[in-house]
Each structure stands twice: as structure tokens, then as C-alpha cells.
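On a predicted model such as this, the values are computed, not experimentally measured, just so you know.
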Amino acid sequence: MKNIFTYSILAVAMISLSNCTTTSNVRHDSHRMTARSGDRTSVLQNAHLNGDCKFIDYPRVDIVEQPKHGRTEIIHQPIVVDSGGKKMKCDKVKANGVAVYYTSHPGYVGSDKFILRTPEERGSIVEGVAEVKVVK
């Protein structure tokens, strides 16, 4: 059986990882991002590919907590895999994947927060808290 690669990319709107802790098999990540009021902002893209860079399935992403001042969407769509500067075989491959978007309520300016959860290989889980600064 071929090795399975999981490629996750954070959109440009996502700023670098600011905090990461682990409790049992759950890893907790914290991210800060900026979004324009009322505009749809890309948060995360994820694809499951095999060793030949072929689509395996759509990765599971769950919304644990919706934002209070907007909404998040999880959409199956084509994405371009980005290994974040690491030299990986499937870097820059176009593949079916999952994209997550955040949109604030029109006119809202201030702070917002939402939580996503996704399983990883070997039974571990990543739970990410996104802290959003919404600007005009």
C-alpha cells in the first residue's frame, strides 16, 4: 500500500502559528488572522493525496464553534497544494480538497473567534482556534 500524504495549507490571511499545545491525542493550535468586514476570507485548505499525488478523499473538517459575528463555510473544491516552502513531491499539484472560509456580518468591525477540528493520521486530532480581527 502506498504511503498517504496529508497536505494542509494556510491561506495568506492566516498568520503564523502562535500557540500549540497537546493534550492526549488532541493537538490545540491557535491562529490569528485579519479579515475585511463582509468579505469572504480563505482560512484553510486541505487535501489527502497518495504517493503518486492522486486524490484519495476529502479530508474531514468540523466546525466546533461558529463565530459570533459571522460564519464559516466548509467547501469541497479544487485547491493547489502548497507545502509551505518544503520540498515535497506533490507541492503545487492541483487536487480536489477542502477549503474553509470565514465571512463576518456586513459592517461588523472588531474581534471574532471560531474553532475547527480535523483528524490526522494515526488517530490524533487537531483543534484550531482562529482569532479574527475584522477591519473595514
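When atom types are taken as modelled, the side chain of Thr103 and the backbone of Arg71 share no donor-acceptor pair closer than 3.5 angstrom. Under a 3.5 Å cut-off, the side chain of Lys89 and the backbone N or O of Cys53 do not form any donor-acceptor pair. Of the possible donor and acceptor atoms, none in the side chain of Asp52 sits under 3.5 Å from a partner among the backbone N and O of Lys54.
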field: Pair Val98-Gln45, side chain to side chain contact (heavy atoms under 4.5 Å, CB included): steps then yes or no
entry: CA-CA 6 Å; Val98 174; Gln45 294 185 349; over 6 Å; no

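Separating the CG atom in Asp29 from the CD atom in Glu127 is a distance of 10.0 Å, to the nearest 0.5 Å. Atoms CG and OG1, on Leu116 and Thr118 in that order, are 9.0 Å from each other to the nearest 0.5 Å. Note that the OG atom of Ser111 and the NZ atom of Lys68 stand 12.0 Å from one another [nearest 0.5 Å]. Separation of atoms CG (Asp112) and NE2 (His105) is listed at 7.5 Å; rounding is to 0.5 Å.
The hydrophobic cluster of Val109 has no other members, since no ILVMFWY side-chain heavy atom comes under 4.5 Å of it. With side-chain heavy atoms closer than 4.5 Å counting as contact, directly or through intermediates, Val126 stands alone and belongs to no larger hydrophobic cluster.
For Asp57, the side chain to side chain donor-acceptor pair (under 3.5 Å) test picks out His48, with sequence neighbours left out. Under the rule for a side chain to side chain contact (heavy atoms under 4.5 Å, CB included), the partners of Ile125 that lie at least two apart in sequence or sit in another chain are Val26, Arg117. Looking at residues two or more places apart in sequence or on another chain, you find a ring-ring contact (aromatic ring centres under 6.0 Å, His included) between His69 and Tyr108. For Phe55, the side chain to side chain contact (heavy atoms under 4.5 Å, CB included) test picks out Tyr58, Asn96, with sequence neighbours left out.
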N/O donor to acceptor pairs below 3.5 angstrom from side-chain atoms of residues 128-136, sequence neighbours left out:
none

Show every donor-acceptor pair shorter than 3.5 Å between a side-chain atom in residues 59-66 and any protein atom, with sequence neighbours excluded, or say none if there are none.
| residue | atom | partner | partner atom | Å |
| --- | --- | --- | --- | --- |
| Arg60 | NE | Asp62 | OD1 | 3.4 |
| Arg60 | NE | Asp62 | OD2 | 2.9 |
| Arg60 | NH2 | Asp62 | OD2 | 3.1 |
| Gln66 | OE1 | Thr72 | N | 3.0 |
| Gln66 | OE1 | Thr72 | OG1 | 3.0 |

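When all heavy atoms of Thr41 and Arg36 are compared, the pair lying nearest together is OG1-N, 4.3 Å. Scanning all heavy atoms of the two residues, the minimum distance from Arg40 to Ile75 falls at NH2-CD1, 2.6 Å. Pairing each heavy atom of Pro106 with each of Ser37, the nearest pair is C-OG, 4.0 Å.
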